[in-house]
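Letters A, B, ... are given to chains in the order of the sequence lines, protein chains preceding strands, and every chain is numbered from 1.
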2 protein chains.
Amino acid sequence: MSTRTSKPRRLSRRGDTRQILVDTALTMLDGDKSFDGLSLRELTREVGIVPTGFYRHFPDMDALGLALVDEAFRSLRKILEDVRQDTRSADRLVASVVKSLVRHIRAHRAGFAFIASERFGGSAVVRNAIRRELRLVQTELAVDLARLPYLKEWNTTDLHMIASLILNAMVASAIDILDVSARDREGETALMKRAEQHLRLILLGVPHWQSER
Amino acid sequence: MSTRTSKPRRLSRRGDTRQILVDTALTMLDGDKSFDGLSLRELTREVGIVPTGFYRHFPDMDALGLALVDEAFRSLRKILEDVRQDTRSADRLVASVVKSLVRHIRAHRAGFAFIASERFGGSAVVRNAIRRELRLVQTELAVDLARLPYLKEWNTTDLHMIASLILNAMVASAIDILDVSARDREGETALMKRAEQHLRLILLGVPHWQSER
DNA sequence: TATCCATGTCAACAACTGTTCACACTATTT
DNA sequence: AAATAGTGTGAACAGTTGTTGACATGGATA
């Protein structure tokens with residue numbers, strides 16, 4: 001007993017503490033908290049490490065914010081991939097898109113909630129990162145639309161216009177569903193139906209559109 | 001010099017300190033802050049009163065939040081009134097709606113930014129208050145739509161469906177415009193054009209809609 | 001003129017915040 | 001077996017936070 005050895009009882013989470021920090025932060029943000037209301041100390045407390053331990057994995061909270069954006073968009077992109085591989089008729093495709101959306105929302109609640117609430121939230125760093133990612137998604141969607149037979153002739157400006165309208169509608173639907181699905185299964189299917197209707201109504205107008213009247 | 005009189009130099013803002021608190025809070029929230037990242041102390045510091053003075057006007061921060069929602073929606077409702085009095089043809093009406101929207105956004109930046117960012121933000125109290133107000137606005141819009149000649153026959157469910165699609169598109173446009181108008185006047189008119197196109201595209205689909213296929 | 005109420009001030013509290021530094025342990029590589 | 005890089009600990013710092021209670025002021029009312 002020469003040196004004060006103290007018993008740290010460290011938990012030795014080999015290499016995944018960083019991921020645990022990300023997941024825990026996302027979970028905490030799912031409830032009544034926004035990112036800039038989340039403190040480093042309550043996060044580390046929840047994870048079970050000492051405050052200073054945070055700095056082993058991130059230089060500061062902004063860096064954590066960016067990691068959260070990364071994590072959240074990973075699942076969002078998965079939806080687009082699913083849809084891309086679906087080569088059904090436009091009408092059946094609508095229902096398929098919405099179903100895929102709901103499935104991903106259920107599986108990645110916290111991630112979607114994060115995007116929704118921080119898209120216009122307090123932290124400029126996070127906000128801009130989200131905006132950048134969404135713009136990318138919109139471009140991808142425009143490219144996908146260009147491949148559809150009856151949109152072949154369209155110019156890119158109009159394609160982007162439709163893409164943004166669709167994306168906005170879907171994001172809005174996602175948020176509504178997100179909000180209700182936790183407690184109300186019946187309301188969820190009602191919102192799904194409405195989301196389908198929104199998409200269908202938009203697509204109804206498309207054939208009648210004429211650019212630059 | 002019997003009693004320690006101390007020189008309070010109170011500013012005597014007769015009855016409008018409450019309003020100043022609301023306005024200042026909105027202004028502060030316009031920048032890089034979210035409501036639950038806003039502290040009572042920094043607010044009162046900015047306003048120029050001592051922290052405890054806050055409690056003369058609000059029991060707690062939640063109450064302030066509700067007052068902010070109130071204030072922010074006051075201007076949003078003004079838009080609908082403007083539009084309601086406009087009895088032009090559907091096509092010209094679209095342009096008029098967007099122009100009215102932009103005008104109000106410019107005049108009430110902070111209020112719109114608050115609604116946008118706190119709609120899915122951290123505070124449950126504020127979030128629910130906003131959601132309730134938006135639902136009201138949507139209902140009003142549905143009623144307005146019912147008066148349009150070629151929508152007379154529609155059932156209420158479908159009317160609400162359109163109303164929500166339109167409202168979502170407008171809110172999304174408002175937020176985009178809000179974000180860009182501070183620094184980029186050219187980008188603003190581009191976004192206005194896009195907002196008009198979104199509305200027009202939606203309205204194009206409406207005559208072809210058939211309920212319950 | 002006297003009183004009263006709305007609005008402000010000041011001091012103090014315990015609790016919480018981000019960040020620093022030097023140190024301890026351990027798994028993997030040398 | 002020794003060295004190393006990764007990860008967690010503990011104490012300490014100067015600031016900030018929400019909320020309390022008792023007190024001061026001044027304009028309107030009685």
Side-chain angles (χ1 to χ4, degrees), chain A residues 1-25 28-29 31-68 122-126, chain B residues 1-25 28-29 31-68 122-126:
Chain A
M1 249 188 221
S2 51
T3 64
R4 285 246 285 64
T5 46
S6 67
K7 42 207 143 73
R9 281 200 296 136
R10 91 175 53 194
L11 295 187
S12 136
R13 272 178 281 238
R14 277 210 316 270
D16 40 24
T17 304
R18 188 194 146 100
Q19 188 59 40
I20 295 182
L21 279 168
V22 169
D23 292 342
T24 307
M28 297 177 77
L29 261 37
D32 280 7
K33 236 172 211 18
S34 66
F35 181 69
D36 83 74
L38 178 69
S39 84
L40 183 154
R41 286 184 110 108
E42 63 181 347
L43 172 58
T44 55
R45 204 180 307 137
E46 184 79 17
V47 168
I49 62 173
V50 91
T52 52
F54 176 86
Y55 296 100
R56 296 292 168 200
H57 308 278
F58 301 98
D60 51 30
M61 285 298 265
D62 276 350
L64 172 67
L66 293 181
L68 293 180
S123 159
V125 177
V126 171
Chain B
M1 253 190 213
S2 51
T3 62
R4 285 248 285 58
T5 46
S6 67
K7 41 208 147 74
R9 282 200 295 136
R10 91 176 51 193
L11 296 186
S12 139
R13 270 178 283 241
R14 279 208 315 271
D16 40 24
T17 304
R18 188 195 146 99
Q19 187 60 39
I20 295 181
L21 279 167
V22 168
D23 293 343
T24 307
M28 296 178 79
L29 261 36
D32 279 7
K33 233 171 216 14
S34 65
F35 181 68
D36 82 77
L38 177 68
S39 83
L40 182 154
R41 285 184 113 105
E42 62 182 344
L43 172 58
T44 54
R45 205 180 305 138
E46 185 78 17
V47 168
I49 62 172
V50 90
T52 51
F54 175 86
Y55 295 101
R56 296 293 167 199
H57 307 277
F58 302 99
D60 51 30
M61 284 298 263
D62 275 351
L64 172 66
L66 293 182
L68 293 179
S123 160
V125 177
V126 172

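Inter-residue side-chain proximity for B/L38 and B/L29 is flagged as met; some heavy-atom pair is nearer than 4.5 Å.
Considering only residues two or more places apart in sequence or on other chains, B/R56 meets the side-chain contact (heavy atoms from CB on, under 4.5 Å) condition with none of them. Annotation: salt bridge (Lys or Arg N to Asp or Glu O under 4.0 Å) contacts of B/D32 (sequence neighbours excluded): A/R127. The side chain to side chain donor-acceptor pair (under 3.5 Å) search around B/D60 returns none, not counting sequence neighbours. Under the rule for a salt bridge (Lys or Arg N to Asp or Glu O under 4.0 Å), B/D62 has no partner lying at least two apart in sequence or in another chain.
Below the 3.5 angstrom threshold, one finds a donor paired with an acceptor across the side chain of A/R56 and the base of D/dG8.
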Please tabulate, one pair per line, all N/O donor-acceptor pairs under 3.5 Å involving side-chain atoms of residues 40-54 of chain B, not counting sequence neighbours.
| unit_1 | atom_1 | unit_2 | atom_2 | d |
| --- | --- | --- | --- | --- |
| B/E42 | OE2 | B/S39 | N | 3.2 |
| B/T44 | OG1 | B/L40 | O | 3.2 |
| B/T44 | OG1 | B/R41 | O | 3.0 |

Write out a two-atom table: protein N or O, nucleotide N or O from nucleotides 15-19 of chain C, distance below 3.5 Å.
| unit_1 | atom_1 | unit_2 | atom_2 | d |
| --- | --- | --- | --- | --- |
| C/dT17 | OP1 | A/S39 | OG | 2.7 |
| C/dT17 | OP2 | A/R45 | NH2 | 2.7 |
| C/dG18 | OP1 | A/L40 | N | 2.8 |
| C/dG18 | OP2 | A/L40 | N | 3.3 |
| C/dG18 | OP2 | A/R41 | N | 3.1 |
| C/dG18 | N7 | A/R41 | NH1 | 2.4 |
| C/dG18 | O6 | A/R41 | NH1 | 2.9 |
| C/dT19 | OP2 | A/Y55 | OH | 2.6 |
| C/dT19 | O5' | A/Y55 | OH | 3.1 |

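Between A/I20 atom CD1 and D/dG8 atom C1' the separation is 13 Å, expressed in whole Å. When the C1' atom of D/dG18 is taken as reference, atom CG of B/D36 falls 15 Å away, rounded to whole Å. Summarising the geometry, the separation between CG on A/L21 and C1' on D/dT7 is reported as 12 Å, rounded to the nearest angstrom.
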Where does DNA chain D pair, written as one dot-bracket string 5' to 3', with Watson-Crick or G-U pairs under 3.5 Å, ( ) inside the strand, [ ] for crossing pairs and | for another strand? |||||||||||||||||.||||||||||||
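Scanning both residues, B/G122 and B/D36, for their nearest heavy atoms gives CA-OD2, 3.6 Å.
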